Every structure is written in C-alpha cells, then in structure tokens.
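Shown next, in structure tokens, is the structure this report addresses.
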Amino acid sequence: MEGLLGLIKERRIDGVFCGPSEFNLVNTMRVCRRAGLPFYATQEQWDTCSNKQSFKALCRRFGVPCVPEHSVTPEFQPEDLAKVRYPVIVKPVDGCSSKGLSICTNEDQLRRAYTFALSFSASRNVIVEKFIGGAGYGFSARYIAYNGDIRLSLCGDTYCFDPFQRTALISAVGVFPSKHTDDYIQRINPAVVRMFASLGIRNASFFMQALPEDDIYFHEMGLRLSGGLTYKLTEPLTGINDLRMMIRHAVGEELSSQEEMQRIDPHLDGKWGGIVCIPLKAGTIAHIEGVEEVKASLPITDVLQYYSVGDTITQDKIGTLMQHFGRFKFVTDSYAEVVDVVAEIQEKNKI
C-alpha cells in the first residue's frame with residue numbers, strides 16, 4: 001500500500017482503477033481514499049452490496065423479490081436443521097466466481113458444504129438458500145448511474161453448465177436481452193431504482209443476479225463491472241461502453257453525458273447478443289481446434305481465451321469460472337440466429 005501511494009505521488013497519477021476482481025477493487029478503494037483520488041463507491045455502499053445477506057435484506061425492505069433462506073449456524077442446531085427443505089444451495093456470503101458453492105439434497109451434504117463454503121469466506125459467514133433451478137437458467141439486470149440518474153442498461157438470461165445434475169452452476173451461455181426484460185421493466189425495475197438511490201449511488205456501473213421461477217428471485221449483486229464484459233456487446237449495438245465510463249470517472253472526469261445516457265437501450269435496438277463459455281474437464285490441454293475458424297466465419301465481436309496448449313486445469317477449478325476455456329461474444333439480428341451461432345461455436349471448438 002505504501003509503495004502504491006508513493007508511486008501515485010511520484011508520477012502524479014490521476015486515477016486508480018481495476019477490472020471486476022472484488023479483492024482488487026477493495027484495495028483500489030483503500031488506495032483512492034488515502035491518495036484523495038476518485039472512487040465510485042463508499043465503504044458502506046460496498047459492504048451493503050457485496051454481502052449477500054445485507055443485499056437481500058435491502059431487497060426485502062424495498063419489495064424486490066429475493067431467494068428465501070434458512071437459518072443454519074456452524075453449530076448445526078437440530079431445530080434449525082429440521083426446518084430445512086431440500087434442495088438448498090450453500091455458499092459464502094462474501095464469495096464470488098461460484099467459489100465455495102454447493103447444491104445439497106440431504107443433511108450430510110449440507111454439513112460438508114457448510115464447512116467447504118466457510119473456507120472461502122473472509123468474514124466466516126455462510127448462507128443457506130432454497131435452491132431455485134427448475135428453469136435451468138439465471139437472470140441478470142445491469143445498471144448505469146450518472147449523477148444519481150440510475151438506468152437499467154441491459155437484462156440477460158444465463159444458461160448454466162449442467163444445471164440439472166447440479167455438478168456445476170457455472171455459466172455456459174448468456175443471451176441478451178432477456179426474455180423477461182419487458183416484465184422486469186414494468187414490475188420490478190422501479191423498486192430497484194429506488195433501492196439503489198437510497199444507498200446514495202451516483203456514478204457507477206453494477207449488476208444484480210436472480211433466478212427465475214414463479215417470479216424473479218434475486219440472490220446477489222456486484223457493485224462493479226460485470227466479469228462478462230458486456231460492453232463488448234452493447235458498444236457495437238448502442239454505443240454504450242461502461243468500462244470507458246468507469247475509467248473516465250476514475251480520472252476525475254464526468255462518467256457520462258446526458259446524450260450518452262439517452263443511448264442506453266436494454267432492448268439493444270432490436271438486436272441480440274450472446275456469450276458462449278466453453279467449460280473444460282480437469283487435465284492438461286494437448287490440442288486446440290476451431291478458435292480461428294469461429295472468429296472468421298461467425299459474427300464474433302470478442303474472444304477472450306484463458307488457456308493455451310500445455311496449460312493444466314486442476315480439479316479445484318472445476319465448478320468455478322476458472323473451469324472455462326474462454327468466452328466468445330457475438331451479435332445477431334434474431335433469437336433464431338443466436339441459437340445457430342451458439343451451436344456452431346460449441347461444435348467447432350475442440351479442446
């Protein structure tokens with residue numbers, strides 16, 4: 001920390017920023033506070049949003065639907081365990097990237113999963129929730145705030161890798177806009193905007209994650225840019241790049257303009273965007289085929305490849321986002337084309 005502060009002073013650094021890593025963002029916030037540089041969130045806002053339990057308490061206060069949870073402590077009180085209705089999902093309250101997450105169908109699994117989740121929690125707290133997985137996909141809502149004007153920027157549906165056997169709940173395919181976009185805008189979005197306004201969030205990009213069933217049930221959020229880097233979809237379709245906005249703010253400029261905010265369109269101007277992730281098994285990569293062919297033959301806007309030949313995917317990465325070979329982003333004119341492009345990406349890539 002002292003070295004970073006010295007570097008800022010020596011080189012007259014205008015701003016400090018980083019990507020979606022919550023560990024790095026917490027330290028960026030500390031650096032900015034001590035150096036007198038802009039940061040988009042206060043410690044109180046960060047603590048409220050990054051803790052799953054406090055976030056859900058905030059949702060309940062504003063009538064935003066969230067996933068029901070069970071009261072379970074490390075002592076495993078018999079009266080608490082007797083009230084649990086399976087299946088449940090167990091995870092650290094302050095975790096991310098699917099780390100420490102388990103699906104349980106009985107008490108023995110719950111006990112093991114609780115201990116496992118504790119190992120990923122810096123605050124040593126675990127949350128046990130009703131498992132909502134009948135639809136086999138998740139829902140996300142992304143927002144941009146500019147001088148207190150909070151706008152829904154994008155909704156998406158994220159289809160999970162192996163959601164029904166429940167060996168992993170990592171993302172496999174994201175489709176934008178979500179099939180729930182219009183319903184969400186009408187029923188839930190006004191309460192969400194009031195909720196974030198109550199926290200005093202003025203200039204930021206952030207997102208919420210939910211599970212659809214008979215309603216849309218939120219379970220966590222990120223007061224940060226999305227790891228899915230959705231600006232790679234929104235920029236070619238609507239001109240909106242929330243990474244660029246956040247960098248402007250970090251160096252003391254205006255995050256946006258009224259004209260730019262008017263271009264925000266959660267319907268993507270009638271177009272469609274997709275993200276395909278390729279999950280791997282444990283092992284060492286010997287051969288990669290199809291990446292260049294996919295980039296040349298399909299409407300790809302971005303490819304982010306995490307692994308190369310010779311890299312090893314260890315067992316501890318299975319079930320986390322580190323299991324993915326990479327992410328392929330694309331834009332199309334119709335939902336039918338989304339389905340076709342997803343199929344081709346999955347067929348042509350052989351790792």
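Small disclaimer: the values here were computed from a predicted structure and weren't measured. Any value given below was found using the heavy atoms of this structure, including those in side chains, with hydrogens, waters and symmetry copies removed.
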Exercise. Compute the ring centroids of Phe206 and Phe196, then answer whether they are less than 6.0 Å apart.
Key: yes
Quiz item: What's the spacing between Arg112 CZ and Ser102 OG if we round to 0.5 Å?
Solution: 9.5 Å
Quiz item: In terms of side-chain geometry, is the basic nitrogen of Lys52 or Glu129 positioned less than 4.0 Å from the acidic oxygen of its partner?
Solution: no
Quiz prompt | Glu235/Arg263 ion pair, N-O < 4.0 Å | solution = no
Quiz prompt | Non-neighbouring partners of Glu337 that pass salt bridge (charged side-chain N to carboxylate O under 4.0 Å, His left out), sequence neighbours left out | solution = none
Quiz item: Does a salt bridge link Glu293 with Lys350, judged by any charged N lying under 4.0 Å from a carboxylate O?
Solution: no
Exercise. Measure from the side-chain N and O atoms of Ser257 to the backbone N and O of Glu260, and report whether any donor-acceptor pair falls under 3.5 Å.
Key: yes
Practice problem: Quick one: pull up CG in Asn189 and CG in Asp183 and give me the separation to the nearest 0.5 Å. | Solution: 11.5 Å
Quiz item: Pairs in or reaching into residues 266-295: which pass ring pair (Phe, Tyr, Trp, His ring centres under 6.0 Å), with residues at least two apart or in two chains?
Solution: Trp272-Tyr335
Practice problem: Find the distance between CZ (Arg142) and CE (Met221) and round it off to the nearest 0.5 Å. | Solution: 12.0 Å
Quiz item: Say you draw a straight line from CD1 of Ile132 to CD1 of Ile216; how long is it, rounded to the nearest 0.5 Å?
Solution: 11.5 Å
Quiz item: Between Asn125 and Ser123, is there a donor-acceptor pair closer than 3.5 Å when you use the side chain of the first and the backbone of the second?
Solution: yes
Self-check item: Carboxylate-amine/guanidinium proximity below 4.0 Å for Lys130 and Glu213
Solution: yes
Quiz item: Is the closest basic N to carboxylate O distance between Glu289 and Lys348 below 4.0 Å?
Solution: no
Quiz item: Is there a donor-acceptor contact under 3.5 Å from the side chain of Ser121 to the main chain of Pro92?
Solution: no
Practice problem: Kindly state each residue pair satisfying salt bridge (Lys or Arg N to Asp or Glu O under 4.0 Å) with at least one member in residues 304-318, sequence neighbours excluded. | Solution: none
Exercise. Output yes when a side-chain donor or acceptor of Thr181 lies under 3.5 Å from a complementary backbone atom of Pro177, and no otherwise.
Key: no
Quiz item: Stepwise, does the side-chain contact (heavy atoms from CB on, under 4.5 Å) test hold for Leu233 with Ile275?
Solution: CA-CA 9 Å; Leu233 298 176; Ile275 302 175; 4.0 Å; yes
Quiz item: Are Leu225 and Thr230 close enough, and set up right, to give a side-chain contact (heavy atoms from CB on, under 4.5 Å), and what steps lead you there?
Solution: CA-CA 9 Å; Leu225 292 168; Thr230 50; over 6 Å; no
Quiz item: Ile8: which other cluster members, linking ILVMFWY side chains closer than 4.5 Å, directly or transitively?
Solution: Met1, Leu4, Leu5, Ile13, Val16, Val31, Leu37
Quiz item: Which residues pass the side-chain hydrogen bond (donor to acceptor under 3.5 Å, both in side chains) test with His180, sequence neighbours left out?
Solution: Tyr137
Quiz item: Is a donor on one side and an acceptor on the other found under 3.5 Å between the side chain of Gln346 and the backbone of Ala343?
Solution: no
Quiz item: Got a salt bridge between Asp333 and Lys271, using NZ or NE/NH1/NH2 to carboxylate O under 4.0 Å?
Solution: yes
Exercise. Measure from the side-chain N and O atoms of Arg327 to the backbone N and O of Val303, and report whether any donor-acceptor pair falls under 3.5 Å.
Key: no
Quiz item: Does Arg111 make a cation-pi contact with Phe76 (under 6.0 Å, within 45 degrees of the axis)?
Solution: yes
Self-check item: Test of ring centre spacing under 6.0 Å for Phe139 and Tyr217
Solution: no
Practice problem: For the pair Gln305 (side chain) and Tyr307 (backbone), establish whether a donor and an acceptor sit closer than 3.5 Å, ignoring hydrogens and angles. | Solution: yes
Quiz item: Measuring from Ile278:CD1 to Ile288:CD1, what's the distance to the nearest 0.5 Å?
Solution: 11.5 Å
Exercise. Go through the side-chain N and O atoms of Thr105 and Gln109 and say whether any donor and acceptor fall under 3.5 Å apart.
Key: yes
Quiz item: In terms of side-chain geometry, is the basic nitrogen of Arg224 or Glu22 positioned less than 4.0 Å from the acidic oxygen of its partner?
Solution: yes
Quiz item: Measuring from Thr234:OG1 to Leu154:CG, what's the distance to the nearest 0.5 Å?
Solution: 7.0 Å
Exercise. Quick one: list whatever passes salt bridge (charged side-chain N to carboxylate O under 4.0 Å, His left out) with Arg151, sequence neighbours left out.
Key: Asp149
